[in-house]
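Bear in mind that the values here come from a model prediction, so they are computed numbers and not experimental data. What you see below is based on every heavy atom in this structure, not just the backbone, and it leaves out hydrogens, waters and symmetry mates. So you know, we letter chains A, B, ... as the sequences are listed, proteins then strands, and number each from 1.
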Number of protein chains: 4
Amino acid sequence: MRDEFESLSPVDYRYWDKEAAAYLSENAFTRAKLEVELALVRTLCRRDLCPSPVLTEIMNACDKVTTADVYEEEKRIGHDIRALVNCIRKHVSAEAKPFVHLTATSYDIVDTANASRYRKVVQDVLLPSLVALENVLIELALREAETAQVGRTHGQHAVPITFGFAIAGYVSRLGGCIVQLVALSKALTGKFSGAVGAYNASSLFVKDPEEFESAVLGEVGVHPAEHSTQIVPPEALVRLLSEMIVAGGVMANLADDMRHLQRSEIDEVRESFGKEQVGSSTMPQKRNPISFEQVKSLWKIGVARMQTVYMDQLSEHQRDLTNSASSRTYGEIIIYAVVMAKRLAKAMKGLSVQRENVERNMAMSQGMIVAEPLHLILASLGHPNSHEKVLALTRKAQDERRPLEHVAADDAELESYYDRMPEEQRQVLLDPSRYIGIAAKKARTVATRWQQTLAIMKFH
Amino acid sequence: MRDEFESLSPVDYRYWDKEAAAYLSENAFTRAKLEVELALVRTLCRRDLCPSPVLTEIMNACDKVTTADVYEEEKRIGHDIRALVNCIRKHVSAEAKPFVHLTATSYDIVDTANASRYRKVVQDVLLPSLVALENVLIELALREAETAQVGRTHGQHAVPITFGFAIAGYVSRLGGCIVQLVALSKALTGKFSGAVGAYNASSLFVKDPEEFESAVLGEVGVHPAEHSTQIVPPEALVRLLSEMIVAGGVMANLADDMRHLQRSEIDEVRESFGKEQVGSSTMPQKRNPISFEQVKSLWKIGVARMQTVYMDQLSEHQRDLTNSASSRTYGEIIIYAVVMAKRLAKAMKGLSVQRENVERNMAMSQGMIVAEPLHLILASLGHPNSHEKVLALTRKAQDERRPLEHVAADDAELESYYDRMPEEQRQVLLDPSRYIGIAAKKARTVATRWQQTLAIMKFH
Amino acid sequence: MRDEFESLSPVDYRYWDKEAAAYLSENAFTRAKLEVELALVRTLCRRDLCPSPVLTEIMNACDKVTTADVYEEEKRIGHDIRALVNCIRKHVSAEAKPFVHLTATSYDIVDTANASRYRKVVQDVLLPSLVALENVLIELALREAETAQVGRTHGQHAVPITFGFAIAGYVSRLGGCIVQLVALSKALTGKFSGAVGAYNASSLFVKDPEEFESAVLGEVGVHPAEHSTQIVPPEALVRLLSEMIVAGGVMANLADDMRHLQRSEIDEVRESFGKEQVGSSTMPQKRNPISFEQVKSLWKIGVARMQTVYMDQLSEHQRDLTNSASSRTYGEIIIYAVVMAKRLAKAMKGLSVQRENVERNMAMSQGMIVAEPLHLILASLGHPNSHEKVLALTRKAQDERRPLEHVAADDAELESYYDRMPEEQRQVLLDPSRYIGIAAKKARTVATRWQQTLAIMKFH
Amino acid sequence: MRDEFESLSPVDYRYWDKEAAAYLSENAFTRAKLEVELALVRTLCRRDLCPSPVLTEIMNACDKVTTADVYEEEKRIGHDIRALVNCIRKHVSAEAKPFVHLTATSYDIVDTANASRYRKVVQDVLLPSLVALENVLIELALREAETAQVGRTHGQHAVPITFGFAIAGYVSRLGGCIVQLVALSKALTGKFSGAVGAYNASSLFVKDPEEFESAVLGEVGVHPAEHSTQIVPPEALVRLLSEMIVAGGVMANLADDMRHLQRSEIDEVRESFGKEQVGSSTMPQKRNPISFEQVKSLWKIGVARMQTVYMDQLSEHQRDLTNSASSRTYGEIIIYAVVMAKRLAKAMKGLSVQRENVERNMAMSQGMIVAEPLHLILASLGHPNSHEKVLALTRKAQDERRPLEHVAADDAELESYYDRMPEEQRQVLLDPSRYIGIAAKKARTVATRWQQTLAIMKFH
């Protein structure tokens with residue numbers, strides 16, 4: 001027992017999460033390994049290779065083993081899994097002792113336990129968090145489907161969209177990540193092929209060691225790798241973790257957008273702010289987008305760590321142990337993804353859209369927004385150099401500080417084009433807020449499609 | 001024209017590859033963009049939105065445009081895609097000019113061109129290179145399926161495998177990457193949704209702008225993204241590039257194994273060495289695993305660059321251009337993957353297995369290899385502390401410099417176990433080279449399964 | 001000779017730079033290696049270990065060697081440095097042949113050549129580019145020292161600074177990088193200690209091989225490493241490249257600030273825009289901060305590559321060659337830093353400050369800016385809960401849409417504090433633009449200090 | 001209080017270190033921030049801006065504040081530093097309240113506290129750990145200065161060194177890192193320049209706010225940055241952390257060398273192995289280089305995280321908070337460096353050198369080792385193509401399985417050269433173990449030089 005603020009990592013003093021800890025704490029890891037040890041004995045028992053009272057004995061023993069005991073024993077013998085085995089063994093009779101860990105190598109236990117708990121934490125914690133966020137976004141996209149907003153490229157006003165359309169983009173991107181994560185979490189594999197992967201040990205006792213492996217792993221709901229060495233090939237886990245980074249990138253992108261839309265001068269959205277909340281220790285007026293900033297910051301933690309994961313892919317011959325410490329940090333990548341999803345969902349749920357400011361900003365550049373449709377309409381009417389022409393008009397409009405549509409309407413050269421212009425195109429030039437293409441419709445179709453997809457999606 | 005050795009990047013003076021350059025050079029990029037511009041005009045034409053002589057004019061114009069012209073024009077106007085458009089336009093009549101690039105935004109062209117050429121270079125160059133390597137490995141796994149070799153964990157002798165079994169592991173891992181790359185290359189998408197993704201421009205002229213987008217993209221064999229902004233959502237490309245890094249990790253791992261097996265003291269494999277080849281500028285006797293070293297080195301280049309790709313995932317609002325320079329380097333990640341695959345395939349094809357040394361190394365530790373089966377057999381016969389018992393015996397054997405099996409056979413406590421030991425288990429203790437589990441069989445099944453899979457795999 | 005647009009890397013078709021290529025191209029590398037080979041013969045000659053006509057012969061031979069010849073020979077013998085040696089040897093007499101490369105190992109040549117050219121390119125190209133940028137910033141900081149601008153934290157208006165003060169921060173940070181780069185470029189070392197670093201070869205012929213090493217390296221202006229293996233210890237180069245990334249980070253941060261200040265709604269600065277420049281292929285009105293975006297993008301390229309450099313730090317025993325390909329890419333890190341510096345200097349030089357918008361934005365939140373000084377003045381006058389008090393007032397001001405100073409002045413509780421308030425503090429509350437602390441003075445002192453420091457700084 | 005095995009990060013359940021936690025735990029961070037708050041009040045007091053009983057009150061209050069209280073308050077108000085301030089304030093009188101945090105902004109406290117504790121943990125924990133390791137290496141280099149060992153390049157036998165010489169290389173490299181870390185830890189700076197760095201707040205109350213800043217920071221032994229915004233410019237910390245990665249690279253390289261030298265076939269060194277230690281859960285004979293593997297693994301954790309640090313360098317305008325979460329993880333980089341140093345020092349101290357195997361391996365290739373000196377001696381005697389000649393002889397020797405020196409001695413062409421060969425050169429050819437250059441001397445001079453340097457080095 002230790003004061004949690006004696007912790008060194010923010011995942012333990014600040015972002016610790018009970019739900020995730022049930023899979024990712026060291027205690028949870030111990031329990032997962034014990035389950036694999038039990039799966040082995042249960043399988044031996046099913047095949048009459050071990051008397052059933054022995055199984056009961058070992059089950060009871062496993063209940064008694066604590067992580068602290070295992071660490072104590074590891075200190076003595078310098079080997080973590082053998083320590084676990086010894087801890088089980090010391091609670092059972094001499095008759096039962098030989099059946100503990102029989103034919104297993106350490107990583108039969110470790111890699112299978114990890115496959116099992118990583119899959120579960122993705123399915124039980126990460127995916128539900130992401131889906132909760134996705135649902136908030138879907139709702140927002142539908143609600144704001146018609147809210148005309150200026151589109152921004154290079155931080156500059158471009159042509160209009162709707163706010164719901166912008167959010168729908170994130171619905172689509174995050175939805176794609178959810179689909180991938182479901183598939184990749186199911187693709188994790190375990191192993192029970194022994195010290196070098198050739199089933200040397202199990203071959204001594206069973207006819208079909210691959211079938212035996214499937215049976216043991218089946219007890220904890222894991223499929224065996226097609227081929228393993230002392231360890232499971234790392235690629236499936238690399239892909240799963242990389243997809244978390246990708247999902248993190250989508251969330252960080254959304255967070256960036258929101259915090260920029262909250263800039264004092266733009267002020268189109270605002271993070272909700274508690275009644276007693278303080279924005280600054282010295283500037284009482286401050287209301288900062290701290291959740292969005294935090295999400296971006298968490299992304300910077302996770303993305304860097306993929307380098308560790310990629311490096312761990314290389315293991316010499318039938319394995320080296322240069323991933324011993326580094327692979328222990330993978331759970332943190334998962335935790336950070338969970339924290340991002342939860343935090344962002346809450347922030348997006350509480351988001352207030354400042355409609356009057358959205359309109360104000362849109363109005364700000366309306367004249368200029370017309371430049372694109374004007375150029376295109378002229379082109380479609382056969383103007384050979386409409387882009388250069390309109391570019392010249394925009395400069396004139398800026399110099400004279402007049403609306404672009406007026407400058408254009410007054411231009412002698414364009415008279416004949418205006419005459420031939422279809423009415424609805426002319427309307428767009430007069431009211432740029434009509435120039436939103438199919439933004440509103442798209443917002444709704446994308447949001448609805450994902451709503452339906454999620455409704456029938458199976459995580460397990 | 002410039003002396004190629006005035007180049008600054010090794011991909012241009014050292015690893016330049018004609019096959020890959022056909023998709024990844026700046027000239028190839030120009031051509032890919034021209035094809036998208038043409039696809040647009042062709043689609044306009046199909047819908048009678050543009051007269052067919054105009055299409056012919058523009059096709060001819062595109063044939064005349066060179067990258068050098070585009071760069072020259074870009075110097076003048078400071079915009080790369082507008083420069084490309086101007087270059088086409090200057091070769092056509094005033095009547096045709098308006099149809100060039102009509103309703104398109106720059107990234108309709110750029111992102112679609114990239115989706116098209118990246119998919120093609122994966123399908124036409126990278127995948128064939130990887131499959132060639134995979135086939136070399138399959139052949140090697142089959143040929144060496146029975147070659148007993150000591151398994152190594154932590155760089156230490158463990159228990160035996162076969163060399164073919166070890167290679168089969170790489171067949172399985174690389175095979176998995178090939179399957180992923182096929183799927184991910186097909187998942188790349190393009191866009192034709194205009195400046196902010198809401199089809200603002202195309203909506204002016206066509207009823208169903210999403211259908212129009214599909215038609216344009218269909219001309220270059222690309223599907224549209226579900227939702228786009230000014231740019232295609234980056235996730236599909238991130239996943240594809242990450243998978244190249246994963247494949248690179250598998251290749252680097254194999255290369256590492258080979259160069260360690262070639263160490264002077266181990267000497268189980270040797271890279272082929274040309275008749276006139278020199279190993280060192282000063283040590284005439286040297287024969288170094290330079291291909292394997294190079295593959296490892298190339299991996300270190302690629303893996304780091306994923307950070308750039310992950311960072312580029314974030315683009316503000318409807319896009320910022322902070323990926324302008326960085327996204328131009330993605331082709332290099334592909335090139336490096338191609339060079340790795342080609343180089344490694346050649347090295348593995350020329351690999352000589354020093355069978356006598358494989359046997360010698362195996363013999364070296366035979367006594368000790370027996371430790372695991374001895375411990376397990378004792379356990380299965382009811383010995384309550386077989387691990388500790390055998391550990392003590394191995395220490396005795398080392399101290400007395402006697403074979404472990406002799407020390408064990410002489411041990412009084414073990415007499416009763418030896419008496420009850422099944423004959424085939426006893427044989428394993430006498431001849432550890434029998435303790436290879438199902439290594440040989442597994443080598444063959446894995447290799448054969450992939451041989452069959454590749455035979456029917458479609459890249460396109 | 002090859003069309004430069006057949007290149008695969010943007011450093012060769014887009015960012016190629018003649019000044020940098022003189023040190024970083026493959027031709028430049030060949031020349032640098034030839035200079036080290038010559039340095040050796042010159043030193044042998046100085047000690048009468050080689051007849052002086054031989055030196056003349058070898059000098060002439062080196063003039064004749066081309067990179068293309070070396071690559072041709074490498075194709076035959078598979079070793080790059082032996083190929084170089086052979087190319088020199090083929091132009092000299094049998095008498096001279098033995099003196100070429102005598103006692104040298106390949107990396108005596110390679111690492112010394114790299115130390116020499118990397119130091120030079122930093123001193124002759126990168127540092128001057130950074131100093132040019134620094135001078136632009138100094139000038140800007142001085143010119144805008146008094147331009148009051150709202151300070152922004154979290155993207156929100158905080159309290160005022162001056163624009164010159166903000167720029168002075170970059171003067172200070174970039175100045176620090178320049179100082180470090182000067183020191184780190186001088187810390188690069190070479191070696192002439194032979195195949196494993198123990199001077200085995202040179203010890204056969206000279207009494208004091210370390211003194212001999214110093215002499216050879218002195219010819220190309222390089223100091224020897226304190227200890228080397230086949231290669232120079234990598235740390236000095238790692239530190240130099242890391243500092244380039246750090247400098248890149250400062251530049252990217254400045255670029256980010258500028259592009260955000262250029263946002264349509266903020267519009268405080270604008271990148272200069274050529275008369276014929278085009279901002280978008282379809283939106284003629286667009287004026288984008290493309291230089292700033294590019295600088296940020298170039299940073300994303302460089303920063304990732306440090307991972308490669310850090311990984312290359314590890315080389316087994318007296319060296320492995322797993323840095324063969326990867327170390328060839330270091331020059332690109334340098335090039336990108338140069339391009340960033342040059343591009344940013346140009347953009348900052350052409351920057352236009354929109355003073356009226358700076359003022360407008362400042363005015364926007366003036367009322368709120370008063371919150372901090374009001375809270376502090378109240379505290380200094382003994383108000384026990386001034387932060388909470390002012391926080392409540394700001395909320396009241398927002399709800400009632402009245403200036404904070406009016407709400408405060410009307411507050412009954414504060415009356416007694418207002419009575420005791422010193423006049424100059426009261427003035428600050430009335431005119432928040434006075435609340436700029438020592439921003440103007442600081443802008444000038446920092447800028448002036450660096451102006452003086454740079455004036456006397458020696459790069460060589 | 002929480003079971004430490006409920007922790008999610010290995011730094012809390014496995015690598016937690018009391019010595020480092022005194023600076024790097026969340027509790028330690030709270031204490032460091034309280035010290036800066038106190039430094040402020042103390043300075044106000046010194047200048048008669050605050051009555052001295054108030055100082056006493058606040059000192060006592062600070063003693064009562066716990067991290068748990070602060071977190072509780074943060075939950076209520078959503079701001080970490082204001083929460084800390086409130087926690088102090090609630091323990092003091094109304095008279096004292098206004099002086100708490102007066103003129104400070106949050107990051108005046110945070111950045112100064114971090115500068116202070118990071119400098120201290122480097123000086124008090126990391127540097128002593130690295131120096132302890134360095135001293136072990138120095139001793140080893142001196143002890144094994146004369147132990148002839150084959151040099152290895154590309155994993156292949158090259159020419160001889162001594163084991164002490166190889167270790168001396170690490171003495172030199174690690175020594176360089178120590179020197180850098182000392183300098184860089186002293187270069188960390190703090191700030192007391194207020195909310196945007198312009199001393200807006202402190203200027204209200206003091207004449208020379210920069211002098212005031214120096215005084216406050218002086219109380220906690222920290223120098224102010226030349227220029228700051230809301231935050232201290234990050235570069236000094238980036239450099240310090242990067243140097244830890246560089247030091248980690250040196251340690252990982254050493255660990256790699258040792259684990260390869262421990263390979264079964266090479267067996268030149270062995271990690272010490274506890275009497276009760278277990279090498280494998282199933283293979284009782286195994287003795288693995290687990291400490292060296294762990295050091296390599298820890299390096300993989302740290303190196304990746306530099307990406308986060310580099311990304312945090314960018315902060316918009318006077319700061320954004322997108323480093324909120326990420327900067328909390330920097331302490332972990334430090335912890336991992338400490339763990340690496342401690343673990344490696346212990347492993348190197350317990351290292352056993354298997355002298356007979358060192359000799360055996362050396363003998364293995366002796367014939368071939370002669371190739372270099374033979375080629376050089378022939379060259380020095382005027383042989384025009386000695387490299388090719390000796391290359392041919394080595395191939396002949398390999399084909400005929402005869403020692404190279406015999407093949408050479410029998411070669412008719414070489415007769416005249418042998419006749420002219422100086423006696424000591426001839427001796428080298430007969431006994432390659434003499435061909436060690438100045439390895440032994442160099443081992444001693446490098447080790448001794450660092451012994452002396454460390455003896456007088458000041459960390460503080």
Side-chain angles (χ1 to χ4, degrees), chain A residues 94 97-98 102-103 151-155 158-159 161 165 168-169 172-173 176 195-196 198-201 203-205 209 226-227 229-230 233 235 238 242 245-246 249 252-253 256-257 260 303 310 313-314 316-321 372-373 376 379-380 382-384 425 435-439 446, chain B residues 94 97-98 102-103 151-155 158-159 161 165 168-169 172-173 176 195-196 198-201 203-205 209 226-227 229-230 233 235 238 242 245-246 249 252-253 256-257 260 303 310 313-314 316-321 372-373 376 379-380 382-384 425 435-439 446:
Chain A
K97 278 186 189 348
L102 187 67
T103 76
R152 291 169 175 94
T153 58
H154 311 258
V159 293
I161 53 169
F165 172 81
S172 173
R173 291 168 68 188
V196 293
Y199 306 83
N200 313 52
S203 292
L204 287 174
F205 305 107
E226 184 192 34
H227 181 290
T229 58
Q230 185 169 78
E235 283 71 32
V238 176
S242 174
I245 302 307
V246 171
N253 200 158
D256 257 2
D257 279 3
H260 287 308
V303 69
Y310 286 130
Q313 218 190 320
L314 277 66
E316 292 162 11
H317 311 302
Q318 282 62 58
R319 91 80 52 96
D320 64 61
L321 193 74
E372 185 186 66
L376 292 170
S380 74
H383 193 296
Q425 293 184 357
Y435 191 56
I436 57 164
I438 60 166
V446 168
Chain B
K97 277 188 192 342
L102 187 66
T103 78
R152 292 170 175 93
T153 58
H154 310 257
V159 293
I161 52 168
F165 172 82
S172 172
R173 292 168 67 187
V196 293
Y199 306 83
N200 314 52
S203 293
L204 288 173
F205 306 106
E226 184 192 34
H227 181 290
T229 59
Q230 185 168 79
E235 284 71 31
V238 176
S242 174
I245 302 306
V246 171
N253 200 158
D256 258 1
D257 279 2
H260 287 307
V303 71
Y310 286 129
Q313 220 190 318
L314 278 67
E316 293 162 10
H317 311 301
Q318 283 61 59
R319 88 80 53 95
D320 65 59
L321 193 75
E372 184 186 67
L376 292 169
S380 73
H383 193 296
Q425 293 184 355
Y435 190 57
I436 58 166
I438 60 166
V446 169

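- Heavy-atom pairs under 4.5 Å with chain A peak, among B/Ile245, B/Asp257, B/Thr103, B/Val303, at B/Asp257.
- Proximity to chain B (any heavy atom under 4.5 Å) is restricted, for A/Pro209, to the side chain, taken from C-beta onward.
- When B/His260, B/Gln318, B/His154 are compared by the number of non-hydrogen pairs under 4.5 Å with chain A, B/Gln318 comes out ahead.
- Looking at B/Glu372, only its side chain comes within 4.5 Å of chain A, counting heavy atoms on both sides.
- Among all heavy-atom pairs drawn from A/Leu102 and B/Ala379, the shortest one is CD1-CB, 3.8 Å.
- No side-chain N or O of B/Ser203 forms a donor-acceptor pair with one of A/Tyr435 less than 3.5 Å apart.
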Could you walk me through whether A/Arg152 and B/Glu316 satisfy the side-chain contact (heavy atoms from CB on, under 4.5 Å) test, starting with their C-alpha distance in whole Å, then the side-chain angles of each, then the deciding distance to 0.1 Å, before giving a yes or no?
CA-CA 8 Å; A/Arg152 291 169 175 94; B/Glu316 293 162 10; over 6 Å; no
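- Put simply, of A/Val246, A/Leu376, A/Ile436, A/Asn253, the one with the most heavy-atom pairs under 4.5 Å next to chain B is A/Asn253.
- Residues A/Thr229 and A/His317 approach most closely at CG2-O, 4.5 Å, considering heavy atoms.
- Contact of A/Val159 with chain B is made through backbone and side chain together, with heavy-atom distances under 4.5 Å.
- Ranked by non-hydrogen atom pairs under 4.5 Å with chain A, the options B/Ile161, B/Asp320, B/Asp256, B/Val238 are led by B/Ile161.
- Of the listed residues (A/Ser172, A/Ala158, A/Gly151, A/Ala439), the greatest number of heavy-atom pairs within a distance under 4.5 Å of chain B belongs to A/Ser172.
- The residue among B/Phe205, B/Tyr199, B/Phe165 with the most heavy atom pairs within less than 4.5 Å of chain A is B/Phe165.
- When the candidates A/Pro233, A/Ala201, A/Ala252 are compared by the number of heavy-atom contacts under 4.5 Å with chain B, A/Ala201 comes out ahead.
- Highest contact tally toward chain A, considering only B/Gly437, B/Gly382, B/Ala198, is held by B/Ala198 [criterion: heavy-atom pairs under 4.5 Å].
- Of the residues considered (A/Gly249, A/Ala94, A/Ala195, A/Pro373), A/Gly249 shows the highest number of contacts with chain B, using heavy-atom pairs under 4.5 Å.
- If you measure heavy-atom distances from B/Gln230 to chain A, the contacts under 4.5 Å come from the side chain alone.
- Judged by distance alone, the side chain of B/Gln425 and the main-chain N or O of A/Leu204 form a donor-acceptor pair under 3.5 Å.
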